[in-house]
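One structure is given below, encoded as structure tokens.
First listed ligand is number 1; within each ligand, the first listed atom is number 1.
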Amino acid sequence: MEKRISGHTGLMALFGTPVGHSGSPAMYNFSFQHDGLDYAYMAFDVTEEEMPKVFESIRLLNMRGGNFTMPCKNIAAQLVDKLSPAAEIIGACNVFVNDDGVITGHITDGVGFVKNLELNGAPVKDKKVVVLGAGGAATAIQVQLALDGAKEVNIFNIKDKFFERAEGTKAKLAEKCPECVVTVDDLDDKAKLKDAIKACDILVNATIMGMKPHQDVTLVDKSLFRKDLVVADTVYSPEKTKMILEAEEAGCKAIGGVGMLQQQGAVNYGLFVGKEMPLAEYQEFQK
Ligand code: NAD
């Protein structure tokens with residue numbers, strides 16, 4: 001450490017609350033050291049109300065970049081100088097990059113998700129995708145799918161507070177990505193869900209169902225799985241959800257949530273330092 005941190009070392013950081021559990025400092029600091037880059041990454045516990053001061057600090061300390069987590073992602077989007085196309089549509093950002101005082105906000109959950117699909121041989125261009133969920137992860141995925149040329153995005157959500165958000169996403173995408181057909185339906189309309197899954201290429205679970213403590217739950221009956229269907233889950237704990245295990249059994253291409261998490265980190269690293277993250281080396285180091 002005494003060899004790595006010097007008077008020139010640049011600061012990057014995660015802001016939000018809570019942040020104590022975050023794996024980001026370990027992952028980025030390993031990568032900086034591996035690549036011989038003179039940066040250090042820290043995590044700071046801050047509230048939404050403190051975000052204007054955070055932005056003063058980012059500018060004052062000339063931080064190169066960093067991340068925002070809950071509950072600071074939306075307010076951050078109002079405090080940056082520029083937004084990526086996805087961050088503008090969503091009105092939230094989880095990444096910032098400071099280019100000579102101009103701070104750009106990005107949202108990379110969806111980028112990481114799509115990149116992980118592509119790495120697993122499932123490109124989204126011209127595909128029909130059913131997305132279960134309308135929360136933070138689901139919205140980022142829906143917007144990225146539309147930006148990356150998916151033909152159709154069929155959103156299904158229960159009639160909770162997130163349903164309205166799905167309607168909002170549909171309206172924004174109709175304006176920004178009119179070539180992508182977006183539909184919103186009640187997840188409890190089983191007949192509609194069945195028809196949509198039958199007609200789609202890729203099925204995505206972006207709800208909390210399947211995640212601990214809901215690990216025994218799956219939202220899709222396994223009888224709907226067929227060999228040419230790609231089934232993807234955002235849930236990474238457990239690593240293989242019930243839905244993923246049943247999709248594997250049915251011979252589908254089944255893609256769990258761990259890869260999305262990793263690719264999101266890799267996308268962020270690329271934005272910070274313009275290099276490929278040494279992901280394989282970090283995974284080896286973690287063993
Ligand atoms: P969120 O709280 O913003 O959204 C929750 C979603 O779950 C909503 O769509 C809600 O309607 C749905 N939901 C809640 N209870 C339900 C029920 N009983 N039946 C059906 N749907 C229900 O959460 P989020 O931050 O978007 O996270 C959603 C999932 O995505 C989580 O499992 C999280 O672990 C995962 N995630 C993964 C990554 C990754 O990198 N792999 C990143 C972010 C989030």
Side-chain angles (χ1 to χ4, degrees), residues 14 16-19 21-24 27 67-74 86-87 90-95 106-120 122 129-145 153-170 182 184-190 192-193 197 203-221 231-244 254-269 277 279 283:
L14 168 68
T17 186
V19 291
H21 65 285
S22 172
S24 294
M27 181 176 73
N67 296 91
F68 303 112
T69 186
M70 296 312 287
C72 299
K73 293 184 190 184
N74 295 87
I90 296 165
C93 56
N94 67 323
V95 173
H106 301 260
I107 189 140
T108 54
D109 308 64
V111 187
F113 177 81
V114 170
K115 194 169 168 206
N116 185 46
L117 286 195
E118 278 165 4
L119 288 173
N120 280 283
V129 189
V130 168
V131 183
L132 313 181
T139 305
I141 288 169
Q142 288 148 9
V143 168
Q144 201 61 42
L145 287 169
V153 176
N154 307 125
I155 306 172
F156 284 86
N157 205 79
I158 55 172
K159 288 270 177 107
D160 63 359
K161 64 174 179 174
F162 293 99
F163 194 85
E164 209 175 301
R165 191 192 289 199
E167 301 275 19
T169 303
K170 179 181 165 179
V182 181
V184 178
D185 286 288
D186 185 354
L187 183 60
D188 287 329
D189 187 340
K190 296 298 172 211
K192 211 157 214 174
L193 179 65
I197 292 176
L203 166 69
V204 183
N205 173 44
T207 73
I208 56 167
M209 302 319 280
M211 183 172 78
K212 288 177 190 164
H214 309 289
Q215 66 268 32
D216 298 330
V217 181
T218 174
L219 295 174
V220 179
D221 193 285
V231 177
D233 211 324
T234 57
V235 175
Y236 53 84
S237 177
E239 203 164 310
K240 285 189 181 183
T241 57
K242 187 169 182 211
M243 184 178 90
I244 288 294
I255 305 171
V258 177
M260 169 186 176
L261 192 66
Q262 291 167 344
Q263 290 313 316
Q264 195 187 325
V267 169
N268 298 351
Y269 191 74
M277 191 164 85
L279 196 53
Q283 281 162 354

Worksheet item: Against heavy atoms of A134, which atoms of ligand 1 measure under 4.0 Å?
Response: 9 (O)
Worksheet item: Taking heavy atoms and a distance under 4.0 Å, where does N157 meet ligand 1: side chain, backbone, both or neither?
Response: side chain
Discussion item. Checking a contact table here: which protein heavy atom is nearest atom 36 (N) of ligand 1, and how many Å away?
Written reply: T234 O, 3.9 Å
Practice prompt. Tell me which protein heavy atom sits closest to atom 25 (O) of ligand 1, plus the residue, atom name and distance to 0.1 Å.
Written response: A137 N, 4.2 Å
Item to complete: Return yes when atom CD of E118 has more than 12 non-hydrogen atoms of other residues, nucleotides or ligands closer than 6.0 Å, and no otherwise.
Response: yes
Worksheet item: What residue and heavy atom of the protein are closest to atom 23 (O) of ligand 1, and at what distance?
Response: I208 CG2, 4.2 Å
Item to complete: Give the residue, atom name and distance (to 0.1 Å) of the protein heavy atom nearest atom 8 (C) of ligand 1.
Response: F162 CD1, 3.5 Å
Practice prompt. Given side-chain contact (heavy atoms from CB on, under 4.5 Å), test T218 with T241 step by step and report yes or no.
Written response: CA-CA 8 Å; T218 174; T241 57; over 6 Å; no
Worksheet entry | Atom CD of E239: over 12 foreign heavy atoms under 6.0 Å | no
Practice prompt. Enumerate the atoms of ligand 1 whose separation from the nearest heavy atom of L187 is less than 4.0 angstrom.
Written response: 20 (C)
Fill in: Pairwise distance CG(L117) to CD1(I255) - rounded to 0.5 angstrom
5.0 Å
Discussion item. Heavy-atom pairs closer than 4.0 Å: do any link ligand 1 to the side chain of H214, the backbone, both, or neither?
Written reply: neither
Response to the item:
Near Y236 (heavy-atom distance under 4.0 Å), the atoms of ligand 1 are 37 (C), 38 (C), 39 (C), 41 (N)
Worksheet item: More than 12 foreign heavy atoms under 6.0 Å from NZ of K190: is that the case here?
Response: yes
Practice prompt. Quick one: look at D160 and ligand 1, take heavy-atom pairs under 4.0 Å, and tell me if it's side chain, backbone, both or neither.
Written response: side chain
Worksheet item: Stepwise, does the side-chain contact (heavy atoms from CB on, under 4.5 Å) test hold for I141 with M260?
Response: CA-CA 11 Å; I141 288 169; M260 169 186 176; 4.1 Å; yes
Worksheet item: About how many Å separate CG of N120 and NZ of K115, when rounded to the nearest 0.5 Å?
Response: 12.5 Å
Worksheet item: In ligand 1, which numbered atoms sit nearer than 4.0 Å to a non-hydrogen atom of Q264?
Response: 40 (O)
Worksheet item: Out of curiosity, Q264 CD to M277 CE, how far, rounded to the nearest 0.5 Å?
Response: 10.5 Å
Fill in: For G133, the ligand 1 atoms whose distance to one of its heavy atoms is below 4.0 Å
9 (O)
Worksheet entry | Close N or O approach (V235, ligand 1; < 3.5 Å) | no
Response to the item:
closest protein heavy atom to atom 4 (O) of ligand 1 is G135 CA, 3.4 Å
Worksheet item: At what distance is the nearest protein heavy atom to atom 28 (C) of ligand 1, and which residue and atom is it?
Response: A206 O, 3.6 Å
Worksheet entry | Value rounded to 0.5 Å, distance of CE in M27 from OG in S22 | 8.0 Å
Worksheet item: Quick one: does ligand 1 sit under 4.0 Å from the side chain of L132, the backbone, both or neither, non-hydrogen atoms only?
Response: neither
Worksheet item: How far is atom 19 (N) of ligand 1 from its nearest protein heavy atom, and which residue and atom name does that atom have?
Response: M209 CG, 3.5 Å
Worksheet, complete the sentence: Between T169 and Q142 the two heavy atoms that sit nearest each other are CG2-OE1, 3.9 Å
Worksheet, complete the sentence: Per-atom filter on ligand 1: closer than 4.0 angstrom to a heavy atom of G257 are 41 (N)
Fill in: Ligand-side contact atoms (ligand 1) for residue partner G136, heavy atom cut-off under 4.0 Å
3 (O), 26 (O)
Worksheet item: Nearest protein heavy atom to atom 42 (C) of ligand 1, by residue and atom, and its distance?
Response: M260 CE, 3.8 Å
Fill in: Polar proximity ligand 1 side, M211 side, N/O cut 3.5 Å exclusive
no
